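Order of appearance sets the numbers: ligands from 1, and atoms from 1 within every ligand. Here the structure is a predicted model, which is why all the values come from computation and not from measurement. The analysis underlying the following values was restricted to heavy atoms, covering all of them including side chains, and did not include hydrogens, waters or symmetry mates.
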Amino acid sequence: MSRVYNFSAGPSMLPEAVLQKAAAEMMDYEGSGQSVMEMSHRSKVYDAIIKGAESLLREVMAIPENYKVLFLQGGASSQFAAVPMNLMTKNHKADYVLSGQFSTKAYQEASRYGDVKAVASSKEDTFSHIPEIDKNECRPDADYFHICMNNTIYGTLWHTLPNTGDVPLVADISSCILSQPIDVSKFGLLYAGAQKNVAPAGLTIVIVREDLIGETLPGTPTMFMYDVMAKNDSMYNTPPCWSIYMCKLVLEWIQNDIGGLAKMEERNVKKAQLLYDFLDSSKLFKPCARKDSRSIMNVTFVTGDSDTDGKFVKEAAAAGFVNLKGHRSVGGMRASIYNAMPVEGIEKLVAFMRDFEKANG
Ligand SMILES: *Cc1c(COP(=O)(O)O)cnc(C)c1O
């Protein structure tokens with residue numbers, strides 16, 4: 001068996017130890033005589049899985065008691081609508097920061113449900129950095145303030161959170177969840193599609209402060225009502241059972257093999273540093289994101305010549321470094337280096353890039 005180094009932005013690599021555990025448990029999960037894929041979500045054995053996943057997530061992320069954890073479907077993109085439907089219920093206003101494609105989509109979707117304002121944008125700089133915020137643009141009576149914490153396509157990260165005062169901060173953390181410790185109490189709501197850093201596609205995680213939920217906009221589908229999902233422990237209908245199980249295995253890996261989120265962050269920073277240090281010193285490759293905004297999960301870079309970019313992506317894939325092509329909307333290259341990517345994968349990629357530079361510089 002030969003496995004590649006997979007730099008896909010999502011769905012993406014899962015830890016090998018997790019895949020092996022899932023494979024070993026595939027035919028007979030803990031003596032149940034069934035795979036987790038096959039069992040009733042109302043069974044006792046499955047109940048322990050979903051409860052275990054939630055309690056582990058609470059422990060690993062240090063989620064305060066007054067926050068609900070919801071395991072939903074529909075991807076982060078469904079939350080672009082669900083967030084306004086559940087939170088834009090007081091003054092029917094929300095402020096959004098445009099830091100990339102997903103935050104722009106979130107803003108456009110929310111605009112269908114109320115008075116939504118783009119208070120800052122870095123679009124004119126092709127989203128190469130996190131925008132500066134002018135306090136005077138922000139509305140103190142907004143129902144919430146929305147950011148996308150890690151911009152998957154452009155490779156930027158909010159290193160310092162905006163101070164929104166009493167306005168609840170809402171963040172899309174699809175591509176940085178579990179990559180480093182975050183202070184959940186600073187947020188009203190966090191949401192993430194699981195397929196970047198948590199599990200296979202199919203699961204969407206919402207972490208929401210209890211007092212913010214209850215009311216919804218008229219016409220909100222029951223499946224989108226946070227309080228209904230919370231009251232039913234994410235089991236109003238069939239949850240994404242397999243993905244939740246995989247999420248539990250990944251959390252066990254972070255907890256037991258890595259040693260928690262502080263250690264996870266150390267490893268992730270080390271990986272990103274290896275790559276950025278090389279890019280900063282390279283004569284051929286140039287990093288795209290501004291230094292103060294660099295993501296530790298998605299590293300974007302170019303050579304400045306699209307033919308050379310294409311050649312690099314092709315030769316890298318042949319050498320076992322796959323999915324390095326940048327997003328179709330921006331071109332260039334992107335190395336997504338989520339939790340599951342080992343340090344060794346980056347060391348080998350850098351060595352390959354050095355050789356490519358010598359041959360093509
Ligand atoms: C991938 C991604 C999305 C879209 O997620 P889906 O689960 O495909 O809807 C949204 N936001 C961010 C930051 C992402 O990385």
Query - Parallel, tilted or perpendicular, as decided by the 30° and 60° cut-offs, for the rings of F312 and F285 - result: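 Rings of F285 and F312: perpendicular, over 60°.
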- prompt: Is the number of heavy atoms from other residues, nucleotides or ligands within 6.0 Å of CZ (R42) greater than 12?
  reply: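 Above 12, so yes.
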Below 4.0 angstrom from a heavy atom of N150, which ligand 1 atoms are there? Numbered from 1 as shown, please.
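What qualifies from ligand 1 is 13 (C).
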Element-labelled atoms of ligand 1 that are located less than 4.0 Å from some non-hydrogen atom of T152: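 Near T152, meaning under 4.0 Å from one of its heavy atoms, ligand 1 has 12 (C), 13 (C), 14 (C), 15 (O).
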List the closest protein heavy-atom neighbour of [atom]: residue, atom name, distance to the nearest 0.1 Å.
atom: atom 9 (O) of ligand 1; answer: S77 OG, 2.6 Å
atom: atom 4 (C) of ligand 1; answer: F102 CE2, 3.6 Å
atom: atom 8 (O) of ligand 1; answer: Q195 NE2, 3.4 Å
atom: atom 5 (O) of ligand 1; answer: A76 CB, 3.6 Å
atom: atom 2 (C) of ligand 1; answer: K196 NZ, 2.5 Å

What I want to know is whether [X] and ligand 1 share at least one N or O pair that is separated by under 3.5 angstrom.
X: D172; answer: yes
X: G75; answer: no
X: S78; answer: no

Taking the side chain as every heavy atom from C-beta outward, state whether N298 and N150 have any atom pair closer than 4.5 Å.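 Sidechains of N150 and N298: in contact.
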Checklist line | For T216, side chain to side chain contact (heavy atoms under 4.5 Å, CB included) partners two or more places apart | finding: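 By the side chain to side chain contact (heavy atoms under 4.5 Å, CB included) rule, T216 matches N86, T220, M225.
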Would you compute the distance between atom [atom1] of [X] and atom [atom2] of [Y] and round it to the nearest 0.5 angstrom?
X: Y154; Y: S295; atom1: OH; atom2: OG; answer: 14.0 Å
X: L279; Y: C288; atom1: CG; atom2: SG; answer: 9.0 Å
X: E315; Y: F352; atom1: CD; atom2: CZ; answer: 5.5 Å

**Asked** Could a heavy atom of G10 be found less than 4.0 Å from some atom of ligand 1?
**Response**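 Per 4.0 Å heavy-atom rule, G10 does not contact ligand 1.
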Measuring from non-hydrogen atoms of I173 to any atom of ligand 1, is the shortest distance under 4.0 Å?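 No.
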Quiz item: Counting only heavy atoms, which portion of C148 has something under 4.0 Å from ligand 1: side chain, backbone, both, or neither?
Solution: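 For C148, only side-chain atoms sit under 4.0 Å from ligand 1.
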**Request:** Report the part of T204 (side chain from C-beta onward, or backbone N, CA, C, O) that has a heavy atom under 4.0 Å from ligand 1; answer both or neither where that applies.
**Result:**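 No part of T204 is near ligand 1 at this cut-off.
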> Where the side chain of S282 meets the backbone of F278, is there a donor-acceptor pair that is under 3.5 Å apart?
Replying inline: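 Pair absent, no side-chain N/O of S282 close to backbone of F278.
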**Item:** Short side-chain to backbone donor-acceptor contact, K348 and V343, under 3.5 Å
**Value:**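 No; judged by distance alone, with no hydrogens or angles, the pair does not exist.
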